[in-house]
Amino acid sequence: VNTSKVVSVVACTRIAAFWQTYFSRKFTDLSYSKMAALNSVCNKQAALVSRGTGGPLSQPKRVLHPNRNIASTSLSSTKNSAARTGKFPCRRSVIVQASAEDTTKDRVEEEFDPRQFRRQLGASKLYNRRVSGDEESIRQMDEHGIGIGSEGGIIAQMRDTGFQYTRGDVTLQLAESFGFCWGVERSIQMAYEARNQFKDRTIWITNEIIHNPIVNKRLAEMDVKFIEEDNGDKDFSGVTKGDVVILPAFGASVEEMKLLDERKVNIVDTTCPWVSKVWNAVGMHTKKEATSVIHGKWEHEETIATASFAKIYLIIKNMKECEMVMDYILQKEGCMSKAEFMEHFKNAMSAGFDPDEDLTRVGIANQTTMLRSETTALGKAIERCMMEKYGVENVAQHFMVLDTICDATQERQDAMFSLVDKKPDIMLVVGGFNSSNTSHLQEIAEHNSIPSFWVDQAARVGPGNLVAHSTSTGELLETENWLPEGPVTIGVTSGASTPDRVVEDILDKIFEIKEKSPSAVA
C-alpha cells in the first residue's frame, strides 16, 4: 500500500468531515442543496486523491467472528436462517457469525469490524451517499409539498413578521426553530434523485425514509417499495442484484448493509451525518473496550442501527432505567437481582451481556432525537456513579462521553422551551405519530401544563371542532371543542420530519373552524 497515498486520503477525508460538521452547526436551517455546494469542494479533493493509478485503496479481507461471550444456539440459528432467507429481525440487532466452514484450524479468525466494513463499503462503485443537486428532484419535492419551505404561505409570512400572525380571533406564535432539518431534507432529496436516476430499476427502502406519513406516501406513489416485515422480521428476499436500495435518514444496521453489499445492489445511503457521528462514538467505545450505554428506545430504527455498530451495549430509555442500572452497579440495598436485571433489559442489551462484567467501563451515546437535557443528565449521573464506585481519581478508566447530540434536535427543543415561556392558550405540535423528536416537543408542552395537541396531518382535524391527536406517550385521543370560543393564542411547532405544507394545511382548517364559530359570526 502506498503510505503517502493513505496519509493524503485520510487527511482530505478529515478535512471534508470537519467542514461538513462546521457548516451543519453554523447553518443548520440552510437547505441541504446549498450546503452540498459548500461541502463538495472538500469531498472532491478526497475523491481525487483516492482515485490514483492503483484505484481505490484495497483493504484486507475480514473473516467474521462471533461477538464476545456468545454461545447461544438460537442466535446462531437466527443468523443461518437470515443468510438463507434474507430476513433479519427488525427490533433487535443481529449477531454476525462465521459459518462452520470458515472456522478451520489452518485459518486465523479476526473480529468483524463494523467501521472497517463501512470504509470498504464507501469505496464501492455501487455505493453513494452524496446529493447530486438535481433540479428536477427539487422541483418535484416542491410540487409534492415536501420541499424545505413554503413560498408565500402562512409559515413564510410568519418568518418575516417576528414569528407571529393574527387573523380574526386567532393569533399564532411560531417556534423560532421548527420543521425540516437539513439532514431530513438531504435524505428526501437523495431518495427523489435516486428515483429519477434509476428510472427503470426496482427501488427499495429498508424502512420509512423519515417518520412522516405524507412523505412516505409520496415515495410509495413514485413506486419506491418498502421492505416489509414478516412475523417481526424484515424480509429482503425480493431484493436482487441490480436493484437500488435506499437507506433511510436514521440509518440501517450493519448486518443489513452487509447483506445488501453481498447482493450487489446499488446502495443510496441517506443516513443523517449526525447519526453516523453516533456510530463513530460507539466504535470508539469498542476500541477503548467500553460498553456503549445508549440513551434511546430499543425498538427505534435509529437505535437498532447504532447498537449494531457496538460490540457490547445496553440501551436505557429514561432516568428511571438509568437509576436501575446505577443501583445495580453500586449494589444498593433493594436493587434488582441479576436475573431481574436481565429480564427487564432483555430486549435492550447485546447478546451475551453480563451486567457484572460489562458495566465496569462504559461510554455514553444517544439516539439523536432524545431530549438533550435528559441525555446530559443521564451522562452526569452515570459519571457520578462511577466516581462513587471506583473513586474520583479513577473515573477516566471507567467512564467516557463524546458529544453526540444533534444540533438541529437541540435547537428545536430550545425553541419549544422559549415558546412555552410565552404561555399560549394551547399548543399545536405537528409531526408523525412515530416521530421520536416530535414526541419530545409534545412532552415539553405537557410538562409545562399547556393544553397541547399533537397532530400528524390535516385529516385529523374535523369534522367540526373535533381533533384526533396523540399524547407524548402515544395515547390516541379525540377531543371535542378543542378550539375555545373567542380570541385564542396558539403556539405552533413541528418536528424535524415535517414539511411546512403539512403545518399550513392544518392551520387552514383551524382558521376555517374559528371563522364558522358563533363568536366569529356574531
Side-chain angles (χ1 to χ4, degrees), residues 31-32 90 134 136-150 153 155 178-181 183-199 201-230 234-235 238-239 243-252 268 270-272 300-302 369 428-439 442 453-463 467-470 474 476 494-509:
S31 70
Y32 192 84
C90 61
D134 176 49
E136 175 61 17
S137 297
I138 296 172
R139 186 196 65 76
Q140 287 179 327
M141 288 170 63
D142 290 336
E143 183 181 296
H144 292 171
I146 57 176
I148 186 63
S150 63
I155 298 298
F178 64 94
F180 270 179
C181 63
V184 163
E185 190 206 356
R186 167 187 180 273
S187 183
I188 299 171
Q189 186 171 331
M190 288 182 70
Y192 269 69
E193 289 176 349
R195 179 70 282 176
N196 287 326
Q197 180 181 353
F198 300 101
K199 295 182 183 297
R201 300 272 196 95
T202 300
I203 298 186
W204 303 84
I205 186 166
T206 62
N207 216 307
E208 294 183 341
I209 186 76
I210 58 173
H211 285 154
N212 184 276
I214 305 297
V215 175
N216 291 303
K217 181 182 178 183
R218 288 296 189 187
L219 290 177
E221 291 170 349
M222 295 166 64
D223 200 26
V224 174
K225 301 180 184 297
F226 290 77
I227 296 294
E228 296 183 355
E229 294 183 18
D230 180 15
K234 283 187 181 179
D235 185 0
V239 179
D243 288 354
V244 178
V245 181
I246 300 170
L247 309 185
F250 33 71
V268 178
T270 79
T271 304
C272 174
H300 191 281
E301 296 89 340
E302 181 189 324
T369 55
L428 174 67
V429 178
V430 184
F433 285 160
N434 58 346
S435 167
S436 179
N437 76 86
T438 308
S439 74
Q442 171 71 10
F453 301 90
W454 175 9
V455 180
D456 64 341
Q457 53 190 298
R460 303 288 183 183
V461 182
V467 64
H469 59 103
S470 177
L476 297 178
S494 57
S497 299
T498 308
D500 286 357
R501 183 78 63 82
V502 175
V503 181
E504 291 180 340
D505 289 345
I506 295 171
L507 294 178
D508 286 341
K509 283 204 166 186

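All values below come from the heavy atoms of this structure, side chains included, with hydrogens, waters and symmetry mates left out.
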Can you tell me if Thr498 uses its side chain to pair, donor with acceptor, with the backbone of Val430 under 3.5 Å?
yes
Kindly compute the distance separating CE (Met141) from CZ (Arg501), expressed to the nearest 0.5 Å.
12.0 Å
Atom pair CG/OG of Asn437 and Ser494 - distance to nearest 0.5 Å
9.0 Å
For Asp456 against Gly432, the heavy-atom pair lying closest together
CB-CA, 4.0 Å
Lys509 NZ: over 12 foreign heavy atoms closer than 6.0 Å
yes
His300 to His211 - nearest heavy-atom pair and separation:
NE2-CE1, 3.4 Å
Can you classify the ring geometry of Trp454 versus Phe433 as parallel (below 30°), tilted (30 to 60°) or perpendicular (above 60°)?
perpendicular
State the CG-NZ distance between Leu219 and Lys225, to the nearest 0.5 angstrom.
13.5 Å
Within the distance-only criterion (no hydrogens, no angle test), does the side chain of Asn216 pair as donor or acceptor with the backbone N or O of Ile209 below 3.5 angstrom?
yes
Nearest-0.5 Å distance that lies between atom CD in Glu185 and atom CD1 in Ile138
7.5 Å
When the ring planes of Tyr192 and His144 are compared, do they come out parallel, tilted or perpendicular, using 30° and 60° as the limits?
tilted
Donor-acceptor pair between Asn434 and Glu208 side chains, under 3.5 angstrom
yes
Residues Lys234 and Thr206: closest non-hydrogen pair is NZ-O, 3.2 Å
Does some side-chain heavy atom of Gln140 sit less than 4.5 Å from a side-chain heavy atom of Asn196?
yes
Heavy-atom check, side chain of Ile227 versus side chain of Val239, under 4.5 Å:
yes
For the student: nearest non-hydrogen atoms of Phe250 and Ile210, plus distance:
CE2-CA, 4.3 Å
